[in-house]
Amino acid sequence: MRIADRYQVEGGKERYTLVPETVDDLWHLSHVIEPDDRVAGDTTRRIQRNDDQLRDTGGEREHLWVELGVDDVEFARFANRLRVSGVIEDCSREDQLGLHHTVNVEEHDEIEVEKHWKPDQRERIEEAVEATDNPDVVVATVGEGEAHVHTVEQFGTEERASITGPTGKGDYARPRSELFEELTAVLKRSGADAIILAGPGFTKQDALEHIEENAPAVAEAVTTVNTSSVGDRGVHEVLKRGAVEDVQQQTRIAAESALIDELTERIAEGNKMAYGPAQVAEAAEFGAVEELLVLDSDLRRERAGDGDWSIDADEVIETTEQKGGDMTVFSDEFDPGQQLANLGGIAALLRYRIE
């Protein structure tokens, strides 16, 4: 993310000019932009003809600058775009004022966001700016007869390739070199700055030797990690052990994995934790919250007035910060976020027990 400009406007609001540089940045914006915010940018819109002498063809698209009063925001993950919908409050064509429109924001598009910025939203944008310089990370897990390649994004991990086929003996066995060759080709295409090669036993080491021999430039980016599993479970092990953090500082998912594991352990022990809106709000009032864990989708619903929590989410966040606690907003795109959702979407690691 790049912040091109920022300044104060009337009513205590602040206007940011932002340039999302990655898909991650679009995802961050989807959790920052809220209903009733103002979003402005360049777009195209189909304009109906007003000339009675010309046949109406349904309108022609024109390039416009619009400013929307936001109604809805959608992160279209597989289309690599952010959709911001609302009523046109300002426009380069006055005859379009008051009409509904959707602005599609893609990587490198410049948009302006005007709102009352909450502390965690400012922090999210600042983290996105810092993350721009972090290396792209790929996790390749390799076992006997299979290999999986996942990319590590800030919004979660995503499987990009799954290579299977029995190796060893038998009529349908394939040489291990074929599996390694296909894996090497996938890693070459990924263009990743850092590759974590993980898996059980010696298979990953054999795979690394093949990569070193056939793609030395790729091999230079490889770090190996021992895991007991491959695929999704193997990736979780990699994240839990902090291997991603070694090559990409401040990786959001690794931090979430560690926090949710710590929370799970404390729940099992019945010690220094709270979960669910009521328990967490009480702990915040006591000043007992050391780390507040909040699910992004639930926080967004609460702020929009569509949630079902019996507490004021922003009040809990403010109280936590005033009393020296920290906060992590979890992504609902990744497994730790789903675990947090099962606990009510909000939890806390405490300095001391409150019961």
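Keep in mind that this is a model prediction, so the values were computed, not measured.
Separation of atoms OG1 (Thr44) and CG (Leu64) is listed at 8.0 Å; rounding is to 0.5 Å.
Salt-bridge check for Arg93 with Glu62: passed, with a basic side-chain N closer than 4.0 Å to an acidic carboxylate O. Salt bridge present: Arg6 and Glu14 bring a charged side-chain N and a carboxylate O closer than 4.0 Å. The existence of a salt bridge linking Arg176 and Glu144 is confirmed by a sub-4.0 Å separation between a basic side-chain nitrogen and an acidic carboxylate oxygen.
In this structure, the side chain to side chain contact (heavy atoms under 4.5 Å, CB included) partners of Asp308, at least two apart in sequence or on a different chain, are Glu302.
Cluster annotation: Val103 and Trp65 are assigned to distinct hydrophobic clusters (Ile/Leu/Val/Met/Phe/Trp/Tyr, side-chain heavy-atom contacts under 4.5 Å, transitive).
The backbone N or O of Tyr275 sits less than 3.5 Å from a side-chain atom of Gln279, completing a donor-acceptor pair. Under a 3.5 Å cut-off, the side chain of Lys204 and the backbone N or O of Gly201 do form a donor-acceptor pair. Although no hydrogens or angles enter the test, the distance criterion places no donor-acceptor pair under 3.5 Å between the side chain of Asn214 and the main chain of Ile211.
Using bins of under 30°, 30° to 60° and over 60° for the plane-to-plane angle, the ring pair His150/His148 lands in the tilted bin.
Nearest heavy atom pair, residue His31 against residue Arg300, reads CA-NH1, 3.6 Å.
The cationic atom of Arg303 (NZ for Lys, CZ for Arg) does not lie both less than 6.0 Å from the six-membered ring centre of Trp309 and within 45° of the ring axis.
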